[in-house]
Amino acid sequence: MATFLSKLGRLAFRRKGVTLLLWLLVFVGMGVAASSAPAPPADTFSMPGTESQEAFDLLTEKFPDASVDGATARVVVRAPEGTKVTTPATRTEVERLVTELGVSSPQVAGVADPYESPAVSISEDGTTAYTVVTYKVPAAEVDDEAHDALDAATEQAREAGLTVEAGGDAVKIEQAMGGTGEQIGVLVSAFVLVLTFGSMIAAGMPLITALIGVGIGISGITALGSTFGLSGTTSTLAMMIGLAVGIDYALFIVSRFRAERVEGRTPEEAAGRAVGTAGSAVVFAGLTVIVALAGLAVVNIPMLTKMGLAAAGTVAVAVLVAITLVPALLGLAPVKVMARRGRLRYAVKPLSDRQRRRAARHEAKPARRTRPNLGTRWARYVLRHPVIVLLVGVIGLGTVAVPAASLELGLPGEGQMSTQTTQRKAYDLLSESFGPGFNGPLTITVQSVSADGTGATSAGTSADARRTGDEIGKALARTPGVASVSPATANKAGDTAILTVVPTTGPTEKKTEELVHALRDTADDLERSTASRILVTGQTAMFIDFSQTLDDALLPYLALVVGLAFLLLMVVFRSVLVPLKAALGFLLSVAAALGAVVAVFQWGWLADVFGIDAPGPIMSTMPIFMIGVVFGLAMDYEVFLVSRMRESYAHGARPGEAVVDGFRYGGRVVGAAAVIMMSVFSGFIVEDNDFVKMIGFALAIAVLFDAFVVRMAIVPALFALLGRSAWWLPKWLDRILPRVDVEGERLAGTQPAARSPRESTLVG
């Protein structure tokens with residue numbers, strides 16, 4: 001592989017104009033395809049194989065008139081202190097609000113009058129009422145005019161003395177990502193790249209190529225959105241991980257090019273060797289990321305599968321950009337990509353008289369004694385004290401990981417939004433006036449089936465279906481934790497009825513989850529006596545099933561991605577122990593990151609520092625997303641750092657020398673890449689939404705643990721203790737595994753050009 005990639009890198013370097021033109025055509029072509037493609041479909045959420053999804057599909061089939069995909073807004077009104085919503089003056093203002101909501105936008109389909117069903121829409125103390133605004137379009141298609149009209153109507157009611165708040169998917173989200181914190185993260189990334197390379201050109205290349213790769217990937221997702229059902233949110237993970245690995249991969253190749261130039265090779269030779277060695281590491285690092293993202297398919301949730309595959313495709317584009325576009329850009333600036341100080345010595349064109357005089361003056365200066373860089377000094381320290389470093393690293397991460405044993409999963413809702421948002425205020429008003437379970441009602445479907453056990457639908461009348469539903473409702477009402485059960489409503493065919501169960505506890509509370517399981521157990525017993533199929537669904541039940549599905553899939557997902565990555569790394573490093581410790585180190589860093597997330601966001605430690613309003617369950621998708629993203633970055637750092645060690649060892653260095661060489665050339669690059677990713681992810685911590693904070697914090701802390709504790713402390717300590725055993729591979733396995741020459745052994749014949757003693761001390 002190293003030979004092939006070396007030839008590819010030299011070709012791209014020589015044919016830089018053609019390479020740049022081809023990528024430009026791809027970029028423009030994808031942009032045109034995306035702009036002319038039909039609008040992506042709205043987000044659809046399904047969980048095949050769960051009871052909630054089965055019930056939802058049944059409702060769509062049996063109640064077609066009620067199966068409306070339109071958005072809704074639940075507007076909550078509280079009367080001024082000392083009055084009720086039923087007093088004449090207050091009622092007049094509420095009715096004016098209802099009328100205004102009905103005519104505010106052409107997208108509004110209807111508004112429920114709370115006074116038509118006061119037992120349902122008005123609280124027992126008479127201080128609070130709510131109305132539901134139904135829209136003709138899904139939430140994603142509610143336009144700004146409709147949002148503004150809703151805001152104007154509620155604001156007008158507030159001016160009349162009412163307390164008015166609104167929740168629901170039709171309400172504009174006040175918390176948006178992409179704020180000042182994220183911009184600061186990008187600026188920090190650019191600053192770190194400039195410090196790392198000492199050249200604006202070299203610092204700009206990783207950013208430019210990463211943005212090009214992400215642009216092509218996102219455009220491709222948009223162009224194929226309507227064909228494969230990829231919604232607008234599918235690209236979220238693709239953008240995050242594509243930008244992360246795109247910067248990492250280009251950073252590694254540019255850094256290797258500079259190192260090869262310092263060794264005295266010509267620009268073309270340096271480009272070939274950079275792509276042949278660092279590019280090989282990039283290819284295999286990219287494969288591990290693709291495995292991690294594509295592995296999301298094992299969860300069997302279509303939304304996650306699409307997001308994972310879309311992100312995997314973007315990573316594949318990032319790899320191709322790194323091994324072709326980056327060497328082409330290096331061909332445009334083979335000198336300016338070097339550090340500014342001493343740049344003239346790398347000139348590829350004849351120097352002018354003035355430049356020669358400047359170079360002569362520079363060479364005439366007495367050579368400074370060069371100290372080993374920070375990576376070298378750290379590696380030597382670890383080699384001297386491997387046991388201490390290993391114990392401190394493992395015990396430290398293990399301690400941080402302890403809270404992960406108390407991990408509780410849930411999904412985001414209005415109850416977890418900032419207390420400053422209207423959605424959260426509406427949620428709290430309903431909880432106070434109607435009970436905490438009012439925000440998370442459960443829907444029970446009762447379908448009559450044949451008594452012969454065939455499962456066929458049993459014909460009947462609406463009255464029969466309602467009667468059966470009411471009987472089942474009375475039985476379910478005796479379940480502890482049920483606050484109320486509504487009368488049954490039957491469909492026109494008379495074979496299915498639905499009823500609503502309101503819990504006594506909130507939608508994210510553990511007791512509500514226990515209630516859902518208890519209702520399903522009771523339903524199993526009732527099915528035999530009533531010849532009915534009873535299913536429990538509703539948003540709360542779907543969230544519970546979703547969390548359970550992810551929880552059940554976590555271990556199989558880990559086994560899949562870690563197992564496949566183990567095989568890939570075994571091929572790369574020709575070792576059994578190197579991929580084993582890489583996988584174990586990753587698990588340790590992920591456990592520590594989850595422990596930190598639980599302590600901060602579930603237990604509430606340092607909640608004031610991070611501005612967390614309501615500590616609670618961890619978002620269900622966060623652990624599996626974090627595993628996918630962090631696994632990719634962790635394997636990047638592992639491959640980048642250890643491949644240089646393997647290269648040095650393959651060329652005759654002793655195990656300890658190989659570790660020092662790996663840190664001398666790769667430590668700075670890995671450290672810079674980790675700081676860049678941490679700064680980008682940390683930008684999300686300043687957002688208002690607690691779950692956005694959670695994602696940013698989790699990814700930033702996981703990168704910190706994995707890059708600086710596992711890869712730069714535990715890994716070299718294990719190498720020091722294992723010695724040559726670290727590279728042990730059974731002979732029979734050595735014969736079976738394919739040889740891909742990632743370390744560039746076949747390129748060893750390319751000798752560097754002659755160097756002066758002064759040049760040999762230069763650090764690029």
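Because the structure is predicted, anything quoted here is derived from the model rather than measured.
- Put simply, the side chain of Asp545 never gets that close to the backbone of Thr50: no donor and acceptor are under 3.5 Å apart.
- At least one donor-acceptor pair closer than 3.5 Å links the side chain of Tyr557 to the backbone N or O of Ala292.
- Leu594 has its side chain within reach of Met622: a pair of non-hydrogen atoms, C-beta onward, lies under 4.5 Å apart.
- A search for ring-ring contact (aromatic ring centres under 6.0 Å, His included) contacts involving Phe252 returns Phe640, not counting sequence neighbours.
- Atoms CG and CG, from Leu577 and Leu718 in turn, are 9.5 Å apart once rounded to the nearest 0.5 Å.
- Here Glu509 contributes atom CD and Thr540 contributes atom OG1; the two are 11.0 Å apart, rounded to the nearest 0.5 Å.
- Counting only distance, with no hydrogens or angles, the side chain of Thr314 and the backbone of Gly242 share no donor-acceptor pair below 3.5 Å.
- Residue pairs that meet the side-chain hydrogen bond (donor to acceptor under 3.5 Å, both in side chains) test with at least one member in residues 704-713, sequence neighbours left out, are Ser589-Asp706, Glu638-Arg711, Asp706-Arg711.
- Shown here for Val659 and Pro716, the closest heavy-atom pair between the two residues is CG1-CB, 4.0 Å.
- The side-chain heavy atoms of Pro507 and Phe543, taken from C-beta on, include no pair separated by under 4.5 Å.
- Closest heavy-atom contact between Gly246 and Ala210: C-CB, 3.7 Å.
- Nearest approach of Ala702 to Val630, heavy atoms of both residues: CB-CG2, 3.5 Å.
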Checking ring pair (Phe, Tyr, Trp, His ring centres under 6.0 Å) for the pair Trp727/Phe719: CA distance, chi angles, key distance, verdict? CA-CA 9 Å; Trp727 306 107; Phe719 270 115; 5.3 Å; yes
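- Side-chain contact check for Ser431 versus Asn439: some heavy-atom pair is nearer than 4.5 Å.
- In this structure, Leu588 and Ile714 have side chains that are in contact, with non-hydrogen atoms separated by less than 4.5 Å.
- By the side chain to side chain donor-acceptor pair (under 3.5 Å) test, Asp248 pairs with no residue at all, sequence neighbours left out.
- A salt bridge links Arg664 to Asp661: one of the charged nitrogens lies within less than 4.0 Å of a carboxylate oxygen.
- Taking the side chain as every heavy atom from C-beta outward, Val321 and Tyr249 never approach each other to under 4.5 Å.
- With hydrogens and angles left out, the side-chain atoms of Asn300 and Thr549 include no donor and acceptor closer than 3.5 Å.
- Ring-plane geometry between His385 and Tyr381 is classed as tilted, the angle between the planes lying from 30 to 60 degrees on a 0 to 90 degree scale.
- Rounding to the nearest 0.5 Å gives a distance of 10.5 Å between CG of Asp169 and CD of Gln423.
- Between the Gln602 side chain and the Glu408 main chain, a donor and an acceptor come within less than 3.5 Å of each other.
- Using a 4.5 Å heavy-atom cutoff, the side chains of Leu515 and Pro503 are in contact.
- The number of heavy atoms from other shown groups lying within 6.0 Å of CD (Gln548) is above 12.
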Criterion side chain to side chain contact (heavy atoms under 4.5 Å, CB included) on Phe705 and Val400, from CA distance to verdict: CA-CA 10 Å; Phe705 290 155; Val400 178; 4.0 Å; yes
Side chain to side chain contact (heavy atoms under 4.5 Å, CB included) for Thr305 and Ile301? Distances and angles first, verdict last. CA-CA 6 Å; Thr305 300; Ile301 295 178; 5.8 Å; no
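- Atom CG of residue Leu558 and atom CD1 of residue Ile627 lie 4.0 Å apart, to the nearest 0.5 angstrom.
- At distances below 3.5 Å, at least one donor-acceptor pair connects side-chain atoms of Trp378 with backbone N or O atoms of Met712.
- The closest side-chain heavy-atom distance from Leu293 to Val315 is below 4.5 Å.
- Between the CG atom in Leu251 and the CD1 atom in Ile676 there is a gap of 5.5 Å [rounded to 0.5 Å].
- The backbone N or O of Ala726 sits less than 3.5 Å from a side-chain atom of Ser575, completing a donor-acceptor pair.
- Remark: side-chain polar atoms of Glu165 are not paired, donor with acceptor, to backbone N or O of Ala426 under 3.5 angstrom.
- Atom CD1 of Ile253 is separated from atom CE of Met205 by 11.5 Å, given to the nearest 0.5 angstrom.
- Judged by distance alone, the side chain of Thr512 and the main-chain N or O of Gly506 form a donor-acceptor pair under 3.5 Å.
- Ion pairing of Lys511 with Glu514 is absent here, as no side-chain N (NZ or NE/NH1/NH2) approaches a carboxylate O to less than 4.0 Å.
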